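This is a predicted model, so every value here is computed, not measured.
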Amino acid sequence: MQTCITFRILAIDDYYPTPRFPHPNLVMALGLSPIDIVRKGIYPLLEINPGWDRIYLSEVADVFNGFPFDSEQFNNNTGKPLIRIRDVGKPDSNTFYDGDWNPAYLIKKGDILVGMDGDFRCAYWQGVESLLNQRVCKITPRSDNFSAKFMYYVLQPYLDAIHAETSSVTVKHLSSKTIQQIPLPNPPLAEQHRIVARIEELFSEIDAGVKELETALARLKIYRQAVLHHFLSNPDWERVKLGSVCNRIADGPFGSNIKTSDYISEAGYQVLRLENIGFMNFIREKETFISEDKFMSLEKNEVFEDDILFSSFVGENVRTTIVNGLNNRAINKADCFCVRVNESKLDRKFFILSMSSETTHKRLTLDVHGATRPRINTTQLKNFKFPLPNLATQTQIVQEIEARLSEADALERTLRTELLRAGRLRQSVLKQAFTGQLL
């Protein structure tokens with residue numbers, strides 16, 4: 001009769017028995033075994049109560065890898081739903097497999113899944129019965145002496161630590177052997193059940209608070225649009241073509257002129273893309289660079305400080321922003337327009353506010369016909385008519401709107417701070433749980 005191999009982690013020099021699966025000190029792709037990561041002592045959620053044993057995951061659970069189903073038989077609606085890496089943590093899958101399959105790869109609601117590329121995410125499957133694709137594994141607890149729910153709550157911190165210790169040039173990869181070697185905390189079963197009950201009680205309270213915060217954020221979005229509608233809806237204003245009050249409306253070079261291979265890693269001349277356009281804010285952190293020679297060949301597409309970037313895609317909303325804080329000369333790509341207003345006729349902030357309203361979005365989308373990714377072209381944007389008061393009125397309206405949006409922005413910062421605090425509180429609950437201090 002085989003017995004579970006258990007051990008305590010009390011100090012670095014303690015004795016660690018050799019498990020039945022590959023030796024824990026075996027150098028793997030991540031460079032360290034899970035037990036070595038625990039020994040580093042830098043991940044708070046891997047600490048445990050000194051009175052508990054640890055037990056390798058392979059001793060209490062099976063790790064079952066998905067199957068490499070033929071991608072040529074993937075589709076959107078026919079066959080059996082297929083769980084891919086991107087579906088871990090989602091309520092269902094949008095991919096179906098229309099081919100032969102083995103029942104062994106069926107996943108049921110409530111099964112524990114782990115994505116083995118990217119973020120190494122652990123989640124219960126919440127969807128209908130589906131097939132398990134490659135690079136996703138199922139964790140099935142098989143011991144009567146270990147709680148499945150306790151295992152679920154314990155796993156993610158170890159996967160996060162393994163992810164942090166895994167170096168890669170592109171996507172990080174996780175092996176099933178590494179998962180098997182995770183040294184789980186092993187308190188008595190009755191204590192595991194009590195810990196899980198307390199975790200779920202506290203998480204329920206935190207989730208209720210998070211839901212209220214998210215509701216408040218959603219209401220802020222509605223409030224902002226209500227402000228724009230109130231100050232920008234005047235049927236007496238003259239409607240003018242955008243091209244008549246702008247000195248420039250132009251998209252950038254297309255794919256044939258600038259390719260991904262043209263990008264360089266070091267700081268150079270900047271390429272402004274959709275990633276730089278937020279909702280009335282310029283996102284500086286998303287930086288992409290090209291060489292000086294490449295930039296000079298595309299110099300006619302140069303974008304300057306205080307120019308306006310306007311997304312050519314108008315799917316869920318209109319995205320436009322004023323360019324500011326450039327570190328070097330820049331051009332815009334073809335997926336966004338550079339708009340330079342005639343300041344004697346149009347206040348650039350008034351333009352940003354007007355184009356960001358839901359009313360404008362609805363009118364713009366009327367010009368888009370049957371596109372899967374709705375996109376407007378230069379001619380449509382130049383011919384787009386929008387209400388335009390005199391310059392003095394524009395300035396006054398901008399001041400009124402900005403005062404109210406500033407208050408909304410301050411409240412949003414407070415709400416998002418509280419959301420971050422809720423996330424930290426969840427981590428605190430888990431730390432107390434795993435160190436035996438929660439009860």
Would you find a donor on one side and an acceptor on the other, under 3.5 Å apart, between the side chain of Asn281 and the backbone of Phe279? yes
Going by atom type alone, with no hydrogens or angles, which donor-acceptor pairs under 3.5 Å involve a side-chain atom of residues 237-245 and a protein atom two or more places apart or on another chain?
| residue | atom | partner | partner atom | Å |
| --- | --- | --- | --- | --- |
| Ser244 | OG | Lys241 | O | 2.6 |

List the atom of Leu113, the atom of Val88, and the distance in Å for their closest heavy-atom pair. O-CG1, 4.2 Å
What pair of heavy atoms forms the shortest contact from Pro141 to Ala61, and how long is it? CA-CB, 3.8 Å
Side-chain heavy-atom pair Glu302, Arg329 within 4.5 angstrom cut-off: yes
Over 60° means perpendicular and under 30° means parallel, so tell me whether Phe69 and Phe67 are parallel, tilted or perpendicular. perpendicular
Please determine if Asp262 and Lys259 form a salt bridge, counting it only when a charged side-chain N lies under 4.0 Å from a carboxylate O. no
Any side-chain heavy-atom pair of Leu405 and Glu402 under 4.5 Å: no
Could you check whether Arg84 pairs with Asp117 (Lys NZ or Arg NE/NH1/NH2 to Asp/Glu carboxylate O, under 4.0 Å)? no
Check Arg404 with Glu400, please: is the shortest side-chain N to carboxylate O separation under 4.0 Å? yes
What orientation do Tyr269 and Phe295 show, parallel under 30°, tilted 30 to 60°, or perpendicular over 60°? parallel
Any salt bridge between Arg421 and Glu418, counting N to O under 4.0 Å? yes
What pairs of residues pass the side chain to side chain donor-acceptor pair (under 3.5 Å) test when at least one of them lies in residues 120-132, not counting sequence neighbours? Lys80-Glu129
Glu214 side-chain N/O to Lys211 backbone N/O, donor-acceptor pair under 3.5 Å: no
Could you point out which residue of Ile331, Leu326, Asn301 forms a side chain to side chain contact (heavy atoms under 4.5 Å, CB included) with Leu272? Leu326
Determine, for Phe313 and Arg319, whether the Lys NZ or Arg CZ falls below 6.0 Å from the six-membered ring centre while staying within 45 degrees of the axis. no
